[in-house]
Amino acid sequence: MASSALSRISNLRRHFDPTNANNNKGGSDGFFGGLIKISPEVSEALSRGDAVVALESTIISHGMPYPQNLETAKEVEAIVRTSGAVPATVAILDGIPCVGLSLEELERLAILGTRAQKTARRDIAQVVATRGNGATTVSATMFFASMVGILVFVTGGIGGVHRHGEHTMDVSSDLTELGRTPVAVISAGVKSILDIPRTLEYLETQGVCVAAYKTNDFPAFFTETSGCKVPCRVDSPEDYANMKLKLNTGILFTVPIPKEHSASGSTIESAIQRALKEARDKSITGNAETPFLLARVNELTGGASLAANIALVKNNALVGARIAVALAQLTKSWNKGRISLLMCDNNYTKMHLVNSRKKGSL
């Protein structure tokens, strides 16, 4: 037992002891500071300052059955690439955090399904220490994306304050992660199984900017509007790119589900209420509640909610990739201008030194 404990501690130190880390973004061995395995494609894109989009893996392992989950994952990555960015699906495999998965790794994760542990920020240490397999949620994906310098992350919908959360204190770690990790999260809002007004209040307390794409309404995952308004409207990817102000918090950038895939609000709400009652009757709580509710709502709607889920993720990927491209272009332009300014300053200094020498002042 002592040997096993020492092994777990050693494995944790191997990944997270900063004294063993170097400062490069992905060396020849494909590891970031010895902590995170970065795919060659993602590493090269980051080194060039190209657009990269982080993708979570919980939707693959816990969101839908195999092989539909694998096909959806490949299609989402293809949308990101077609839009000019590099996809970086995040997961923990055999205790190694990975940013950017190969096709074989994607398939492995899809086949593992729910045998891969649903991994939020709090679970990272345990999954790494036991050399386990983890499908990252929003909070864990944001954490790893920020570590390697990825600024844009696409998901379906974020977690939030659960209904009756004022009694249970069940609040997703996604919200606190948004309050402390400078990554833009592109989603279709908050899952409609949650308490959306209280979620927005919590995000305000965390200092998180909440923006909506081409609308003033906060979307509710399966439907285009939740009945809540957003404090910030953005009408183009370029508008968003100009919002990066290094505030050390995330930005929640919400994109309504495409109109043709928007489910009937009353039908979905009826299914949600029934699923919530069943969850309470079965005492299903914590991180097991959301997967149960989504699966049950899908059953009650005859598969319509799953089809809508896939459609909104693909749409988010399209918008998120465009945002990442606009942000990369703006950053490169800013860096180019900064270099030009430095060169001008340098030339001015050289001219000043030459003139000073001619005048004999030096």
Side-chain angles (χ1 to χ4, degrees), residues 1-43 46 54-67 69-70 73-74 77 87-150 153 155 159 173-174 177 181 183 286-288 290-291:
M1 181 178 292
S3 175
S4 177
L6 284 172
S7 175
R8 290 196 294 271
I9 292 171
S10 175
N11 198 40
L12 270 175
R13 289 188 65 184
R14 180 168 64 87
H15 285 283
F16 294 106
D17 185 352
T19 61
N20 293 327
N22 54 46
N23 295 318
N24 65 310
K25 289 190 177 181
S28 58
D29 59 355
F31 281 80
F32 175 81
L35 309 178
I36 301 173
K37 179 183 175 184
I38 308 180
S39 73
E41 181 185 23
V42 173
S43 181
L46 288 173
L55 301 167
E56 64 157 288
S57 49
T58 293
I59 193 171
I60 300 172
S61 62
H62 291 69
M64 57 194 75
Y66 180 82
N69 55 356
L70 177 61
K74 291 193 293 186
E77 287 203 347
T89 300
V90 178
I92 301 174
L93 297 174
D94 298 321
I96 299 175
C98 302
V99 177
L101 301 183
S102 66
L103 181 57
E104 292 74 19
E105 289 169 331
L106 270 179
E107 184 167 17
R108 178 187 174 194
L109 192 63
I111 292 173
L112 276 172
T114 54
R115 287 177 292 166
Q117 182 175 334
K118 185 178 179 183
T119 306
R121 176 194 264 255
R122 69 160 191 187
D123 307 305
I124 293 172
Q126 184 262 330
V127 175
V128 168
T130 58
R131 299 180 186 269
N133 297 307
T136 55
T137 64
V138 169
S139 63
T141 305
M142 287 183 70
F143 173 75
F144 288 124
S146 180
M147 280 188 74
V148 301
I150 298 175
F153 160 43
T155 184
S173 62
D174 296 353
E177 200 66 39
T181 304
V183 172
N287 65 3
T290 298

Sequence neighbours excluded, which residues qualify as side chain to side chain donor-acceptor pair (under 3.5 Å) partners of [X]?
X      : result
Thr155 : Glu56
Glu105 : Lys37, Ser102
Asn69  : none
Thr181 : Glu177

Contacts of type side-chain contact (heavy atoms from CB on, under 4.5 Å), residue [X], not counting sequence neighbours:
X      : answer
Leu103 : Lys74
Ala91  : Ser57, Leu101, Leu109
Ala140 : Ile124, Thr136, Thr137

Between [atom1] of [X] and [atom2] of [Y], what distance do you get to the nearest 0.5 Å?
X      : Y      : atom1 : atom2 : value
Ser173 : Asp123 : OG    : CG    : 8.0 Å
Ile150 : Thr141 : CD1   : OG1   : 10.0 Å
Phe143 : Thr119 : CZ    : OG1   : 12.5 Å

Any idea which heavy atoms bring [X] and [Y] closest together, and the distance?
X      : Y      : answer
Gly159 : Asp174 : N-OD2, 2.7 Å
Pro87  : Leu55  : CB-CD1, 4.0 Å
Ser139 : Arg121 : OG-N, 3.1 Å
Val128 : Pro97  : CG2-CG, 4.1 Å
Val42  : Ala88  : CG2-CB, 3.7 Å
Phe153 : Ala54  : CD1-O, 3.2 Å

Below 4.5 Å, heavy atoms only, C-beta onward: do [X] and [Y] meet side chain to side chain?
X      : Y      : value
Met147 : Val99  : no
Ile60  : Thr89  : yes
Asn133 : Arg115 : no

List the residues meeting salt bridge (Lys or Arg N to Asp or Glu O under 4.0 Å) with Arg108, not counting sequence neighbours, and say none if there are none. Asp94
Do side-chain atoms of Thr58 reach the backbone of Ala135 as a donor and acceptor pair under 3.5 angstrom? yes
